[in-house]
Every structure is written in C-alpha cells, then in structure tokens.
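Data first, discussion second: the structure below is written as structure tokens.
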Amino acid sequence: MSDIERQNNMPGMRRLRNRTDYQELDGNYYLDNFVRPEQPTFDTEEMRGSMQYILAKNIGQYVVVEFLIGTDGIMRKQGMLYYVGRSFITLYDESANNFIICDVFSIKFVYFYFPGDRPRFNYNLLPGPNGEPGTGNRRR
C-alpha cells in the first residue's frame, strides 16, 4: 500500500474525505474553502530522516506538537496532521472545524496518540483563570 493510500485510510482522513464540502481536483484538495496543495513525498536523499519526512509518513495521525517560541517559550497545538510542506505543517482541529498552519522549523517535539486517544487538555485554547492549559473559554 502506498503512503497516499495509507494516509487516505486513516480514520480522520476518511471522515474528512466523506464530507460534502471535500473535493480533489488537479492534485489539490479543497475542504471548507481551505486549499491543500499536492503532498510532497520528501523521499530524496537529503530529506530522508528529516522532520518533514517523518511527519509526512504519519499524515492522518492525531498529534500534539510543541513549538519553541523565542528562547524559552513553549507553545502546544494539537489536531490531526493534515499536510506537511517544506516549511510548514497543517493541523486540522476537528472540534473547532479549523486548520492551523505551523512553522516546521520551530517544532521541538511531536506526540502521537493511539487511535481514539486524545490529550487531557485542548492546547488550542487559551489558558483559563487558574493557568491550566487548554481550559479557557474559546473566543467567539
């Protein structure tokens, strides 16, 4: 089975592909007015073993990604790994039905979850009054 077939068979990707607003046209993918270009393979000598290569092999997996902000700040984002580009990744946040574009070069750690498992907090939300991550109210 090719990488593309395996990625398309991931449960999260199957849910997206079954939506009425999902379209594939000329190698690009359209979902809810969001255009995803054709997925690069990263299967070259220079890219094998790189962060992009590893992430591209795991499209469709649920992840929490930690980014280094400045010299000592860590920010977390979570969602289904939807796309991996040369300099960015795209996460799909199913609970909010939105896409998050993230800089690949500030990624420090990526946590992969077993199917059906999710993190305890929603790291895409702002901290709540007690400072606990992912417990704040979502802005409207």
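The analysis underlying the following values was restricted to heavy atoms, covering all of them including side chains, and did not include hydrogens, waters or symmetry mates. Predicted model only: the values in this text are computed from it and were never measured.
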Quick one: closest heavy-atom pair of [X] and [Y], and the distance?
X: Arg86; Y: Val104; value: O-CG1, 3.7 Å
X: Ile107; Y: Asp103; value: CG1-O, 3.7 Å
X: Asn124; Y: Arg76; value: OD1-O, 4.5 Å
X: Leu91; Y: Cys102; value: CD1-SG, 4.1 Å

Can you name the residues that form a side chain to side chain contact (heavy atoms under 4.5 Å, CB included) with Thr44, not counting sequence neighbours?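 Residues passing side chain to side chain contact (heavy atoms under 4.5 Å, CB included) with Thr44: Glu46, Met47.
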List in chain and number order the residues that pass side chain to side chain contact (heavy atoms under 4.5 Å, CB included) with Ile54, two or more places apart in sequence or in another chain; answer none if no residue qualifies. Asn58
When you compare the side chain of Ile74 with that of Ile69, does any pair of heavy atoms fall below 4.5 Å?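 With C-beta onward as the side chain, the pair stays apart.
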Within this structure, what is the [atom1]-[atom2] distance for the pair [X] and [Y], rounded to the nearest 0.5 Å?
X: Ile59; Y: Met80; atom1: CD1; atom2: CE; answer: 9.0 Å
X: Ile100; Y: Tyr82; atom1: CD1; atom2: OH; answer: 13.5 Å
X: Leu55; Y: Thr90; atom1: CG; atom2: OG1; answer: 11.5 Å

Which residues pass the side chain to side chain donor-acceptor pair (under 3.5 Å) test with Tyr62, sequence neighbours left out?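 Tyr62 satisfies side chain to side chain donor-acceptor pair (under 3.5 Å) with Gln78 once adjacent residues are dropped.
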Going by side chain to side chain donor-acceptor pair (under 3.5 Å), name the residues that satisfy it together with Arg48, two or more places apart in sequence or in a different chain. Asp43, Glu45
Name every donor-acceptor pair, under 3.5 Å, that has one atom in a side chain of residues 108-117 and the other anywhere in the protein, sequence neighbours excluded.
residue : atom : partner : partner atom : Å
Tyr111  : OH   : Glu66   : OE2          : 3.4

Take Tyr92 and Asn98 through the side chain to side chain donor-acceptor pair (under 3.5 Å) test and state the conclusion after the steps. CA-CA 6 Å; Tyr92 176 67; Asn98 61 27; over 6 Å; no
Going by ring pair (Phe, Tyr, Trp, His ring centres under 6.0 Å), name the residues that satisfy it together with Tyr83, two or more places apart in sequence or in a different chain.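 With neighbours one apart ignored, the set is Phe88.
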side-chain contact (heavy atoms from CB on, under 4.5 Å) assessment of Ser95 paired with Asn122: CA-CA 10 Å; Ser95 65; Asn122 183 344; 4.0 Å; yes
